[in-house]
*Asks:* 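First the structure, which I've put down as structure tokens, then a few questions once you've had a look.
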2 protein chains.
Amino acid sequence: MFLNQTSQYALRAMAGLIVADQNGPMKSKDLAQTTEIPSHYLSKIMRKMVEAGFVESKKGHGGGFILKKPLEQIRIIDVLNAAGFDMDEQPCVFGWDQCSDCNPCPLHPVWKRLKESFNEWAFNTTMEDIRKENRLLIDMKFSQKS
Amino acid sequence: MFLNQTSQYALRAMAGLIVADQNGPMKSKDLAQTTEIPSHYLSKIMRKMVEAGFVESKKGHGGGFILKKPLEQIRIIDVLNAAGFDMDEQPCVFGWDQCSDCNPCPLHPVWKRLKESFNEWAFNTTMEDIRKENRLLIDMKFSQKS
DNA sequence: TATTCAATAGACTTGTGAATCTATTGAAAT
DNA sequence: ATTTCAATAGATTCACAAGTCTATTGAATA
């Protein structure tokens, strides 16, 4: 796929967390179950979300993960960056790293448009938008190919 | 990058072969050198090109690879397919395999446009076009990231 | 205090595409 | 015929992302 597995998981995990919307913290194990992400691997990803300041983690009895920031302040692009993904680092269609506006590969224009659209979307969409339209991203757990 | 390493190599190898334009067959080793593709790996890819009928291979003294078809009859899309790449199999931006016109992911339209552009280009561009504009694809050997 | 629960760190394993190595086959040249 | 050259097959290795396992830490409950 386009995003790597890890960043896709990150999006899904965050989406899963906000849609759950329970009163207390959500356990990693439960989140893993609803999102269908391998639980130990999810833990690692959630650690990154904690470090980025999106969620808080509580150890011990009754612990788990809980949102720390208002949803409107968590942009998709931030989640992706926290997971280590950066669209601008993605090489062009041909993997040609010289590809640029002055020295374009045959598909440079389309590629550029895709990147721009992606970035614009990721920048302007927050987790609040995701919550409102809860079809998005949650359903992504049905995806298969890597 | 977008294409996998193997299909990028395939394009570059074919481009390298036609641009070389020498009288006799071109040795795998020489082709590997000009295209900067690991030579043993190139052999395998060339095998696929032989099987696809684009080139002929001659063993032994003075052997190597030589074009079998007229350049106008070798389309980029055929080379890619022979190398095992199929744009239509590429999952959507989110790796969401349910993504379709009726059930689109947030970036479905842009993604679709990219795929279409790519396919159109790959279908309508032949190796003859590559030869004419010999900047293309050859320079790709400078690419780095995988 | 003792127990139980759940995140965490970090070592370890797995899976896969890419790359390498070795032995074999087939063809030209001498 | 023998030698030499170059593609080929297929086993093996490598690199890296993804996934797993185990022991530890910290917090709540009893």
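Values in this document were obtained by computation on a predicted structure and should not be read as measured data. Proteins get letters first, then strands, A, B, ... in listed order; numbering begins at 1 in each.
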*Asks:* Given atom NZ of B/Lys58 and atom C1' of C/dA29, what is their separation to the nearest angstrom?
*Replies:* 16 Å
*Asks:* Would A/Glu128 and A/Arg131 pass as an ion pair if we require N to O under 4.0 Å?
*Replies:*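 Between A/Arg131 and A/Glu128 there is a salt bridge, with a charged N closer than 4.0 Å to a carboxylate O.
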*Asks:* Where does the chain B footprint on DNA chain D start and end, counting 5' to 3' with a 4.0 Å heavy-atom cut-off?
*Replies:*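 First-to-last contact on DNA chain D, by the 4.0 Å heavy-atom rule, is D/dC5 to D/dA11.
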*Asks:* Are the side chain of A/Thr34 and the backbone N or O of A/Leu31 linked by a donor-acceptor pair below 3.5 Å?
*Replies:*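 Confirmed, A/Thr34 side chain pairs with A/Leu31 backbone.
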*Asks:* Measure NZ/A/Lys48 against C1'/C/dA9 and give the value in whole Å, please.
*Replies:* 14 Å
*Asks:* Let me know the distance between CD of B/Glu56 and P of C/dG26, rounded to the nearest Å.
*Replies:*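 From B/Glu56 CD to C/dG26 P: 16 Å.
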*Asks:* Start at the 5' end of DNA chain D and walk down; is the nucleotide closest to A/Gly60 or to A/Leu42 reached first?
*Replies:*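 Upstream on the strand: A/Leu42.
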*Asks:* CD1 of A/Ile45 versus P of C/dA9: gap in Å, rounded?
*Replies:*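 Spelled out: CD1 on A/Ile45 to P on C/dA9 is 15 Å.
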*Asks:* In whole angstroms, how far is the P atom of C/dG10 from the CZ atom of A/Arg47?
*Replies:* 11 Å
*Asks:* To the nearest Å, how far apart are B/Glu36 CD and C/dA19 P?
*Replies:*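 To the nearest whole Å, that distance equals 13 Å.
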*Asks:* Rounding to an integer number of Å, can you tell me how far A/Tyr41 OH sits from C/dG10 P?
*Replies:* 17 Å
*Asks:* Rounded to the nearest 0.5 Å, how far apart are CZ of B/Phe54 and CG of B/Asp78?
*Replies:* 5.0 Å
*Asks:* Evaluate whether atom NZ of A/Lys115 has more than 12 neighbouring non-hydrogen atoms of other residues, nucleotides or ligands under 6.0 angstrom away.
*Replies:*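 Yes, the 6.0 Å shell around NZ holds more than 12 heavy atoms from other groups.
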*Asks:* Using a 4.0 Å heavy-atom cut-off, does B/Thr6 contact any base of the nucleic acid, only the sugar-phosphate backbone, or nothing at all?
*Replies:*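 Contact class for B/Thr6: sugar-phosphate only.
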*Asks:* For A/His61 and A/Lys44, find the nucleotide of DNA chain C closest to each by heavy atoms; which residue's nucleotide sits nearer the 5' end?
*Replies:* A/His61
*Asks:* Just to be sure I understand the rule, does B/Ser43 reach a base, reach only the sugar-phosphate, or reach nothing, if contact means heavy atoms closer than 4.0 Å?
*Replies:*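 B/Ser43: base contact, heavy atoms under 4.0 Å.
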*Asks:* Decide yes or no for A/Arg75 and A/Thr126: does some side-chain heavy atom of the first lie under 4.5 Å from some side-chain heavy atom of the second?
*Replies:*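 A/Arg75 reaches A/Thr126 side chain to side chain.
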*Asks:* Show your reasoning for whether side-chain contact (heavy atoms from CB on, under 4.5 Å) applies to B/Ile130 and B/Ile76.
*Replies:* CA-CA 9 Å; B/Ile130 298 298; B/Ile76 300 268; 4.0 Å; yes
*Asks:* Could I get the full list of salt bridge (Lys or Arg N to Asp or Glu O under 4.0 Å) partners for B/Lys59, not counting sequence neighbours?
*Replies:* none
